[in-house]
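Notes for the one structure printed next.
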Amino acid sequence: MENASARNMWGEYLKTHLEHVFEHAPKTCYFGDNETDANNFAEMTKKETKKAVSHSLLGLQNRNEPLPKNGDFIVLTNWAGEAQCIVRTKSVSLKPYFSIDSTYVQKEGYGDKSLEQWKSYYWNLFTNELQKFKREPRESMIIVCQEFEKVY
């Protein structure tokens with residue numbers, strides 16, 4: 001873990017959670033692809049109004065990132081890389097974009113929590129992400145739906 005604030009937060013967490021001392025160092029990241037979203041999503045996660053995040057499977061594959069799995073820890077940062085909180089993955093499911101439903105969207109907590117707004121936001125996000133790999137989003141693309149809980 002190269003981020004000092006994330007390393008410090010993880011160390012503080014471990015002081016009172018010795019049962020996790022042998023876990024791999026958590027991933028450090030922000031949610032979103034711009035400063036405004038990253039900072040808002042960090043705040044929402046700290047307030048526990050955001051309890052899920054979505055990834056395109058193609059994006060993960062093209063960046064050679066592993067699939068998230070149950071029990072994974074993440075030190076969530078803001079855009080500036082300052083640690084904001086720690087979350088732990090509760091569930092991961094793979095779903096076609098067209099099958100995302102409003103129950104899941106509520107857990108994402110984005111905007112007005114409507115399916116329409118979620119689809120618009122993520123379609124744009126995935127378009128930007130996949131463009132770098134000369135790919136385009138499709139209704140049938142697989143979405144990695146990651147649900148988590150704030151633990152610190």
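All values below come from the heavy atoms of this structure, side chains included, with hydrogens, waters and symmetry mates left out.
Put simply, the side chain of Arg88 gets close to the backbone of Gly71: a donor and an acceptor are under 3.5 Å apart. Checked by atom type and distance alone, the side chain of Glu108 pairs as donor or acceptor with a backbone atom of Ser54 at under 3.5 Å. At least one donor-acceptor pair under 3.5 Å links the side chain of Asp72 to the backbone N or O of Lys69. With Lys50 contributing its side chain and Ala52 its backbone, the two residues share a donor-acceptor pair below 3.5 Å.
Other residues, nucleotides and ligands contribute at most 12 non-hydrogen atoms within 6.0 Å of the CZ atom of Arg138. Atom CD of Glu136 has 12 or fewer neighbouring heavy atoms from other residues, nucleotides or ligands inside a 6.0 Å radius. Around the NZ atom of Lys46, the shell of radius 6.0 Å holds more than 12 heavy atoms that belong to other residues, nucleotides or ligands. Heavy-atom contacts from other residues, nucleotides or ligands closer than 6.0 Å to NZ of Lys51 number 12 or fewer.
Ile100 and Trp123 fall within the same hydrophobic cluster, where Ile, Leu, Val, Met, Phe, Trp and Tyr residues are linked whenever their side-chain heavy atoms come under 4.5 Å apart, directly or through other members. Note on Ile86: it does not cluster hydrophobically with Leu76, by side-chain heavy-atom contacts below 4.5 Å among ILVMFWY residues. Both Ile142 and Val92 belong to a common hydrophobic cluster when Ile, Leu, Val, Met, Phe, Trp and Tyr are linked at side-chain heavy-atom distances under 4.5 angstrom. Cluster annotation: Val144 is not connected to Leu58 through the hydrophobic network of ILVMFWY side chains, with a link wherever side-chain heavy atoms come within less than 4.5 Å. The cluster map of Ile, Leu, Val, Met, Phe, Trp and Tyr, joined by side-chain heavy atoms under 4.5 Å apart, puts Tyr121 and Phe126 in the same cluster.
Scanning all heavy atoms of the two residues, the minimum distance from Asn78 to Glu82 falls at ND2-OE1, 2.6 Å. Between Thr127 and Pro137, the shortest heavy-atom distance links the atoms OG1-CG, 3.2 Å. Across Glu65 and Arg63, no two heavy atoms sit closer than the pair OE2-NE, 2.8 Å. Closest approach of Ala42 to Thr77, counting heavy atoms only: CB-O, 4.0 Å. In plain terms, the two heavy atoms of Ser5 and Ala83 that are nearest each other are OG-N, 2.9 Å. Shortest non-hydrogen contact noted between Tyr97 and Ile143 is CA-CG1, 3.7 Å.
If you take CG on Asn34 and CH2 on Trp79, they are separated by 6.5 Å, rounding to the nearest 0.5 Å. To the nearest 0.5 Å, atoms OH (Tyr152) and CD (Glu12) are separated by 5.0 Å. Going from atom CG of Leu57 over to atom NZ of Lys95 covers 14.5 Å, rounded to the nearest 0.5 Å. The NZ atom of Lys113 sits 6.5 Å away from the OG1 atom of Thr49 when rounded to the nearest 0.5 Å. Atom CZ of residue Phe22 and atom CG of residue Leu14 lie 10.5 Å apart, to the nearest 0.5 angstrom.
Between Leu60 and Pro68 there is a side-chain heavy-atom pair separated by less than 4.5 Å. Side-chain contact between Ile74 and Gln146 is present, with at least one heavy-atom pair separated by less than 4.5 Å. When side chains are defined from C-beta on, Arg135 does not count as touching Met141, because their heavy atoms never get closer than 4.5 Å. A 4.5 Å side-chain heavy-atom check between Gln84 and Glu43 finds at least one atom pair inside the cut-off. Looking at heavy atoms from C-beta onward, Asp101 lies out of side-chain contact with Leu115 at the 4.5 angstrom threshold. Proximity of Leu130 to Ser56: side-chain heavy atoms (C-beta onward) are separated by under 4.5 Å at one or more points. Looking only at side-chain heavy atoms (C-beta outward), Phe148 and Thr45 come within less than 4.5 Å of each other. At a threshold of 4.5 Å between non-hydrogen side-chain atoms, the residues Met44 and Phe31 do not count as touching.
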- Message: Is there a ring pair (Phe, Tyr, Trp, His ring centres under 6.0 Å) between Trp118 and Tyr110? Walk through the geometry before answering.
- Response: CA-CA 7 Å; Trp118 182 94; Tyr110 180 75; 9.1 Å; no

- Item | Ser93/Tyr104 under side-chain hydrogen bond (donor to acceptor under 3.5 Å, both in side chains): CA gap, chis, key distance, verdict | CA-CA 11 Å; Ser93 55; Tyr104 175 73; over 6 Å; no

- Show your working on side-chain contact (heavy atoms from CB on, under 4.5 Å) between Asp37 and Leu125 and close with a plain yes or no. CA-CA 11 Å; Asp37 288 344; Leu125 185 117; 5.7 Å; no

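Ring orientation note: the planes of Trp10 and Tyr13 are close to parallel, at an angle under 30° on the 30°/60° scale.
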